[in-house]
Undergrad: 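One structure, pasted below without further comment.
All figures in this text were calculated on a predicted structure; none of them were measured in a lab. Naming convention: chains lettered A, B, ... in sequence-line order (proteins, then strands); numbering from 1 in each chain.
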2 protein chains.
Amino acid sequence: MEYRKIFNNYLQERGLRLTKVRDLILEAVFATHTHFDAEELYDSLKGQAVSRATVYRTMPLLVDSGLVKKSMFGLDKEKYEHIYGHPNHFHIICIKCGRVIEQIDKKLETAIIEITERNGFEYEDYHLKISGICSLCKE
Amino acid sequence: MEYRKIFNNYLQERGLRLTKVRDLILEAVFATHTHFDAEELYDSLKGQAVSRATVYRTMPLLVDSGLVKKSMFGLDKEKYEHIYGHPNHFHIICIKCGRVIEQIDKKLETAIIEITERNGFEYEDYHLKISGICSLCKE
DNA sequence: CTGCAAATTGTCAACCATTATCATCCACAC
DNA sequence: GTGTGGATGATAATGGTTGACAATTTGCAG
């Protein structure tokens with residue numbers, strides 16, 4: 001798995017250790033194909049000796065390594081999603097039922113990068129969340 | 001002040017009461033021209049008998065009334081900004097120094113609305129946060 | 001203007017996600 | 001295999017936010 005190589009490289013580059021527990025967490029993250037929070041990840045690791053604290057401690061590493069992204073839903077908890085192998089995308093959320101649609105739009109992304117550079121920034125990443133009412137809830 | 005009228009209408013429409021305290025909070029919100037959190041708002045009301053709990057209780061009303069928006073920085077606390085009289089805008093944030101730039105881009109907004117409708121959603125709002133490295137930090 | 005019911009507020013305790021602490025454990029270099 | 005410093009687990013602590021409830025105030029009817 002490519003993502004393992006990436007994470008291991010990331011760890012080694014900064015003198016962090018490749019541990020069994022970090023591996024378990026990594027696998028759990030990539031076995032999850034939805035948006036999840038730390039607690040849900042912890043639950044999915046029940047039975048495999050991993051403590052809650054370590055899950056919380058590992059998430060920033062995964063984010064920093066570029067494998068995982070915080071996906072901002074403006075809710076209470078931190079939500080994450082793995083992004084390795086997923087092109088940059090954004091979300092459209094129904095404010096009635098909470099349904100989330102993922103979208104990719106190259107043109108929009110290009111426009112965003114242009115705007116960033118026009119302001120003298122070196123582009124790094126973007127988060128876009130659109131709120132609306134989905135077709136099912138419109139009636 | 002127009003925003004007072006809007007808030008009062010909002011309250012009356014749902015049988016909520018216009019109270020002195022809500023008025024004080026409203027004024028404090030519109031006296032603040034930056035992004036703020038509940039605690040900062042509470043501080044700015046020191047001396048005017050308003051309790052912390054009421055500040056927290058009132059924020060959702062202000063958001064729901066459309067006068068205030070949660071501005072998502074993916075940080076620890078809920079951040080807000082008042083939006084009455086401000087065109088819809090987004091933020092570019094420097095990941096090194098934390099500087100925040102506000103931008104308006106009509107074309108981008110149009111594109112976002114189009115994408116939303118193409119997906120069968122009725123457009124409501126969007127949140128865009130761009131991360132990058134600002135000109136000062138690039139060196 | 002007065003009285004009343006219901007909404008609102010303040011105080012303070014409770015909640016809950018996240019973080020710090022610290023003793024124990026383990027990865028990794030030698 | 002050993003030593004050492006990073007990593008982990010258990011648990012307490014933290015801090016933003018919310019709940020409970022008695023006291024207070026608003027909006028309205030009379």
Undergrad: Quick one: do A:Q12 and A:L18 satisfy side-chain contact (heavy atoms from CB on, under 4.5 Å)? Show the steps, please.
TA: CA-CA 8 Å; A:Q12 284 185 320; A:L18 326 185; 4.0 Å; yes
Undergrad: Quick check: does any side chain N or O of B:D37 sit under 3.5 Å from a backbone N or O of B:E39, one acting as donor and the other as acceptor?
TA: yes
Undergrad: Round to the nearest Å and state the distance from B:K79 atom NZ to D:dG16 atom C1'.
TA: 13 Å
Undergrad: How would you list all residue pairs meeting side-chain hydrogen bond (donor to acceptor under 3.5 Å, both in side chains) that involve residues 105-117 of chain A, not counting sequence neighbours?
TA: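 Applying side-chain hydrogen bond (donor to acceptor under 3.5 Å, both in side chains) to every pair that reaches into residues 105-117 of chain A, excluding sequence neighbours, yields nothing.
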Undergrad: Could you pick out which residue, B:P60 or A:L11, lies toward the 5' side of DNA chain D when each is mapped onto its nearest nucleotide?
TA: A:L11
Undergrad: Using atom CZ of A:R22 as one end and atom P of C:dC25 as the other, report the distance to the nearest whole Å.
TA: 19 Å
Undergrad: Just checking A:K138: does its NZ atom have more than 12 heavy atoms from other residues, nucleotides or ligands closer to it than 6.0 angstrom?
TA: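 Yes, NZ of A:K138 has more than 12 neighbouring heavy atoms, counting only those of other groups under 6.0 Å.
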Undergrad: Taking salt bridge (Lys or Arg N to Asp or Glu O under 4.0 Å) as the cut-off, I'd like each qualifying pair that reaches into residues 16-31 of chain A, sequence neighbours left out, listed once.
TA: A:R4-A:D23, A:R4-A:E27
Undergrad: For the helix from C:dC1-D:dG30 to C:dC30-D:dG1, what is the angle between the axes at its two ends, each from 5 pairs, rounded to 10°?
TA: 30°
Undergrad: At under 4.0 Å, does any side-chain N or O of B:Y56 touch on OP1 or OP2 of D:dT17?
TA: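 True: B:Y56 side-chain N/O within range (under 4.0 Å) of D:dT17 OP1/OP2.
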Undergrad: I'd like to know if the side chain of B:H91 reaches the main chain of B:K129, judged simply by a donor and an acceptor atom lying under 3.5 Å from each other, with no hydrogens or angles considered.
TA: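 Here the side-chain-to-backbone pair does not exist.
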Undergrad: Please report the distance, rounded to the nearest Å, between CZ in A:R52 and C1' in C:dA17.
TA: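 The distance from CZ of A:R52 to C1' of C:dA17 comes to 9 Å, rounded to the nearest Å.
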Undergrad: For B:L67 and B:I83: C-alpha separation, side-chain torsions, deciding distance, then whether side-chain contact (heavy atoms from CB on, under 4.5 Å) applies.
TA: CA-CA 6 Å; B:L67 290 170; B:I83 54 179; 5.7 Å; no
Undergrad: Exactly one of A:H35, A:H33, A:H86 should register a side chain to side chain donor-acceptor pair (under 3.5 Å) with A:E81. Which one does?
TA: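 Running side chain to side chain donor-acceptor pair (under 3.5 Å) over A:H35, A:H33, A:H86 with A:E81 returns exactly one hit, A:H35.
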Undergrad: Quick one: B:L24 CG to C:dT8 P, roughly how many Å, whole number?
TA: 16 Å
Undergrad: Using a 4.0 Å cut-off on protein heavy atoms (strictly under), produce a 5'-to-3' string for nucleotides 20-30 of chain D with B for base contact, S for backbone-only sugar-phosphate contact, and - for none.
TA: B-----BS---
Undergrad: Tell me, please, whether A:Y126 has A:K69 positioned over its six-membered ring: NZ or CZ under 6.0 Å from the ring centre and within 45 degrees of its axis?
TA: yes
Undergrad: Does the side chain of B:I104 reach to within under 4.5 Å of the side chain of B:F90, using non-hydrogen atoms?
TA: no
Undergrad: In a check of side chain to side chain contact (heavy atoms under 4.5 Å, CB included) between A:L24 and each of A:L45, A:T58, A:T19, A:V55, which one passes?
TA: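 Testing A:L24 for a side chain to side chain contact (heavy atoms under 4.5 Å, CB included) against A:L45, A:T58, A:T19, A:V55 leaves exactly one candidate, A:L45.
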Undergrad: Any sub-3.5 Å donor-acceptor pair from A:H127's side-chain atoms to B:L128's backbone N or O?
TA: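 Judged by distance alone, no pair lies under 3.5 Å.
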Undergrad: Which ones in residues 37-50 of chain B lie close to DNA chain C, meaning a heavy atom under 4.0 Å from one of its atoms?
TA: B:A49, B:V50
Undergrad: Taking A:D64 first and then A:R14, would you say they form a salt bridge - that is, a charged N and a carboxylate O separated by under 4.0 Å?
TA: yes
Undergrad: Verify the contact: side-chain N or O of A:S51 to OP1 or OP2 of D:dA10, cut-off strictly under 4.0 Å; return yes or no.
TA: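 Answer is no, no contact under 4.0 Å.
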Undergrad: Strictly below 4.0 Å, heavy-atom distances to any atom of DNA chain D: list the hits from residues 61-68 of chain B, or just say none.
TA: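 None - not one residue of the stretch has a heavy atom sitting under 4.0 Å from the strand.
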